[in-house]
There are 2 protein chains.
Amino acid sequence: MSDFAPTEARINNTIQKYPAFPRDPAVLVRLVKHLYKEVHDEANGVMKPYGLNHPEYNILMMLYGAAGNAMNPSQLADAAGEKLANVTRLTTRLCDMGLITRAASEDDRRKVELTLTDAGMVLIENFLPDIVKLLHRQTRNLTPSEQRVLEGLLKKMLAGFGG
Amino acid sequence: MSDFAPTEARINNTIQKYPAFPRDPAVLVRLVKHLYKEVHDEANGVMKPYGLNHPEYNILMMLYGAAGNAMNPSQLADAAGEKLANVTRLTTRLCDMGLITRAASEDDRRKVELTLTDAGMVLIENFLPDIVKLLHRQTRNLTPSEQRVLEGLLKKMLAGFGG
DNA sequence: TATTGATAATACAGAAATGAACTATATACT
DNA sequence: AGTATATAGTTCATTTCTGTATTATCAATA
């Protein structure tokens with residue numbers, strides 16, 4: 001659950017000492033962090049019975065949603081928000097599990113094509129009901145229109161990054 | 001920057017194959033993840049010159065905002081969104097750096113009091129200008145009132161977790 | 001066609017985070 | 001008081017992640 005009031009109190013104290021500290025941005029960043037940690041932990045919990053963790057789940061879902069169920073490591077890194085070196089490790093494990101395959105690309109020999117296997121597909125459709133439940137639970141406090149507003153604002157915020 | 005359009009395309013594909021997959025919750029969760037990764041990486045970047053990383057920065061800021069500049073490891077774990085075992089490691093390092101102190105609590109001998117030192121305070125006020133810049137940059141696309149709306153919705157979403 | 005520079009991926013060593021087991025103290029109950 | 005239970009922290013082994021160097025291929029150009 002995580003009560004957010006103490007966090008706000010701390011930020012207020014911080015501003016007392018250091019007036020230039022921007023309250024709203026600080027609150028937003030801390031909220032994002034707390035939300036992510038919850039998302040991460042809960043997804044790990046749901047996936048554990050399937051022998052997977054949250055990042056592995058993400059990789060599989062990116063492929064599941066990709067054209068031809070295939071992507072390169074770089075694309076995957078970008079899509080899943082993982083470092084490239086980490087994608088190598090994660091996909092190696094998924095290969096070993098027989099959920100995806102790794103093959104050199106035809107047109108560009110530097111590239112690697114990671115493709116979902118039938119077994120991977122089956123596993124995904126096996127755990128998806130649990131994930132769907134989880135997603136609904138994690139957003140249960142928001143009405144559909146609130147979800148849309150939130151989506152728009154998060155996108156806007158994200159677009160401001162990186163400059 | 002991270003273009004979010006491909007993510008949405010993938011989610012649409014996913015729904016084609018698996019109609020029960022809830023679009024909006026999925027988008028929200030992926031947005032939170034992407035935002036967090038950016039926040040994390042950028043904070044790491046800003047703190048590096050000060051010999052600290054993002055989690056260590058967080059710990060220090062929690063203490064800076066706490067009454068008496070002191071907290072227990074458990075409180076700190078909760079506040080910073082870190083696992084207790086990780087807080088032990090992080091605070092040990094901060095102790096070694098002379099930025100905080102660790103002392104047994106008077107009233108409850110199980111508890112430990114972590115307190116910011118003068119050196120810690122000085123360091124914080126040294127790096128805060130950079131952090132303030134970062135926070136403003138990360139929210140530059142949002143108007144003040146949008147920030148308030150976003151804050152409200154994130155809090156609402158967070159409150160729905162954990163059940 | 002050589003050379004230069006960029007891109008894709010991996011390897012590997014070191015850093016960070018997690019779960020589970022353990023120690024110590026406090027609280028509740030009989 | 002004595003025992004059971006819960007809470008606070010730490011330790012340690014394992015897992016996960018990151019940064020940097022390296023290999024291989026491609027693209028541009030002289």
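Any value given below was found using the heavy atoms of this structure, including those in side chains, with hydrogens, waters and symmetry copies removed. Chain naming here is simple, since letters A, B, ... match the order of the sequence lines and numbering starts at 1 in each.
Here C/dA16 presents its C1' atom at 8 Å from CG of B/Leu90, a figure rounded to the nearest Å. With rounding to whole Å, B/Arg109 atom CZ is found 15 Å from D/dT7 atom C1'. B/Asp108 has its CG atom 8 Å from the C1' atom of D/dT7, to the nearest Å. A straight line from CD of A/Glu113 to P of C/dA8 spans 14 Å, rounded to a whole angstrom. Rounded to a whole Å, the CG atom of A/Leu76 is 13 Å from the C1' atom of C/dA9. If you measure from atom NZ of A/Lys83 to atom C1' of D/dT20, you get 14 Å, rounded to the nearest angstrom. Counting to the nearest Å, the C1' atom of C/dA15 and the CD atom of B/Glu82 are 14 Å from each other. For the pair B/Leu84 CG and D/dT11 P, the interatomic distance rounds to 12 Å; values are reported in whole Å.
Looking at A/Thr115 and A/Arg102, their side chains never bring a donor and an acceptor atom within 3.5 Å of each other.
Checked against D/dT25, C/dA8, C/dT10, the side chain of A/Lys111 finds its nearest nucleotide in C/dA8. The side chain of B/Arg110 sits closest to C/dT25 out of C/dT25, D/dG9, D/dT18.
Among the heavy atoms of the strands lying under 4.0 Å from B/Asn86 is at least one base atom, whether or not backbone atoms are also near. If you check every strand for non-hydrogen atoms under 4.0 Å, B/Arg93 touches nothing.
Closest approach of B/Asn141 and B/Glu146 over heavy atoms only: O-OE1, 3.8 Å. Scanning all heavy atoms of the two residues, the minimum distance from A/Leu153 to B/Leu142 falls at O-CD2, 3.8 Å.
The environment of A/Asp96 atom CG is dense: over 12 non-hydrogen atoms of other residues, nucleotides or ligands sit within 6.0 angstrom. Counting heavy atoms of neighbouring residues, nucleotides and ligands inside a 6.0 Å radius, atom CZ of B/Arg109 does not exceed 12 of them. Around the NZ atom of B/Lys48, the shell of radius 6.0 Å holds no more than 12 heavy atoms that belong to other residues, nucleotides or ligands.
One finds no side-chain N or O of B/Arg89 lying less than 4.0 angstrom from the OP1 or OP2 phosphate oxygen of C/dT18.
Sorted by residue number, the list of members of residues 45-53 of chain B with any non-hydrogen atom under 4.0 Å from DNA chain D is empty.
Each of B/His40 and A/Val112 was matched to the nucleotide of DNA chain C holding its nearest heavy atom; the match closer to the 5' end belongs to A/Val112.
Taking the ring centre of B/Tyr36 as origin, the terminal cationic atom of A/Lys33 falls outside the region bounded by 6.0 Å and 45° from the ring axis.
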